[in-house]
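Reading through the structure tokens given below for one structure.
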Amino acid sequence: LNRVVMKKLLTARGLEECRIALSGAAALSTELLDWFKALGLEVLEVYGMTENMAWSHTTREGDQCIGRVGTTNEGVQCRIGDAGEIQIFSPGNMTGYYREPELTQEAFTDDGWLRTGDVGDIDAHGRLRITGRVKEIFKTEKGKYVAPAPIENRLVSVPGVEQACVMGPGLSQPIALLNLAAEKVDYLFGAGREEFNDALAEHLKRINKELDAHERLQCLVVVPDVWSIENGLITPTLKLKRNELEKRYQESIDSDWALKKGVVWG
């Protein structure tokens, strides 16, 4: 939908005065936020989890900083713990998991702060940025840590790319596998391949300019397979099963893809 059509839809539904929307659960790309902003709709990102009654962070109107989920809500404290983990102290924190004392103990620090399992940082204005999950961060051959999620969020902004998986354990530089929308696989591997290849190459250049040297992608690998719940490569909530993806593609990564640059067709 273009902006004109979207504005007409909002007006038809009596939402022409709507100026703010909240977004959570996953990061939004800069391109998408800019698209809504051009409509006059400010999307404010928020952060929370079931274990703290989703009462953690909110972006205030007029204080949007793309890539950050705002400042702490009333009564909430936030700190960055070991390995960059975001930890929360809040009146909304759970008392524990039902009949799971061991899991409950693991969920809290010794001084009672909730371990979120997310990694992030806090800027000078107290705004939180989430950069990944503790369990997802990997170390390259150079000994540098890479958080894949923020890079993946940038990759999927290209039309036709359904999902992206950044890999790099044991590699000198990370690479990214791209999964295409099922209905576009035949076209993009056929008649549309050259144009799509050029678009990906330009996108790769833009992303690498924005990343730290150790995070820059060696190549983008376009795979013909569809990642689905049925073949065990994504979860029912559409999250990547990284271990399964690594198992499926590890041989190709080791023998071929990691030695190439630019856009590679699997």
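Keep in mind it's a predicted model, so treat the numbers as computed, not measured.
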Reported [atom1]-to-[atom2] distance for the pair [X] and [Y], which is rounded to 0.5 angstrom:
X	Y	atom1	atom2	answer
L177	R248	CG	CZ	11.0 Å
R242	E244	CZ	CD	13.5 Å
L44	C65	CG	SG	12.5 Å
I88	I86	CD1	CD1	7.0 Å

Side chains of [X] and [Y]: does their closest heavy-atom pair fall under 4.5 Å?
X	Y	result
M167	E246	yes
V223	W257	yes
E162	W227	no
H57	N73	no
V43	L33	yes
L200	L178	yes
L155	Q163	no
I234	K239	no

Between [X] and [Y], what is the shortest heavy-atom contact and its length?
X	Y	answer
L128	C78	CD1-SG, 4.4 Å
R154	H203	O-NE2, 2.8 Å
F138	P174	CZ-CB, 4.2 Å

Please check if the side chain of [X] supplies one atom and the backbone of [Y] the other of a donor-acceptor pair under 3.5 Å.
X	Y	answer
T104	G96	no
H214	Y145	yes
N179	V161	no
E85	G117	yes
W55	G75	no
T131	A147	no
N208	L217	yes
Q173	A213	yes
R60	T58	yes

Any chance the side chains of [X] and [Y] put a donor and an acceptor closer than 3.5 Å?
X	Y	result
D225	Y249	yes
N197	W265	yes
K37	Q64	no

Take a 6.0 Å sphere around [atom1] of [X] and say whether it holds more than 12 heavy atoms from other residues, nucleotides or ligands.
X	atom1	answer
D186	CG	no
Q105	CD	no
K241	NZ	yes

* Asked: Stepwise, does the side chain to side chain donor-acceptor pair (under 3.5 Å) test hold for Q218 with K260?
  -> CA-CA 7 Å; Q218 174 86 357; K260 296 183 178 180; over 6 Å; no
* Can we call the ring centroids of F108 and W113 under 6.0 Å apart? ->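 Ring-ring flag for F108/W113: false, centres at least 6.0 Å apart.
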Is [X] salt-bridged to [Y], cutoff N-O under 4.0 Å?
X	Y	answer
D212	K144	no
R79	D111	yes
R129	D123	no

* For R127, the option from D121, D63, T72 that meets side-chain hydrogen bond (donor to acceptor under 3.5 Å, both in side chains) ->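 Checked D121, D63, T72 against R127; only one passes side-chain hydrogen bond (donor to acceptor under 3.5 Å, both in side chains): D63.
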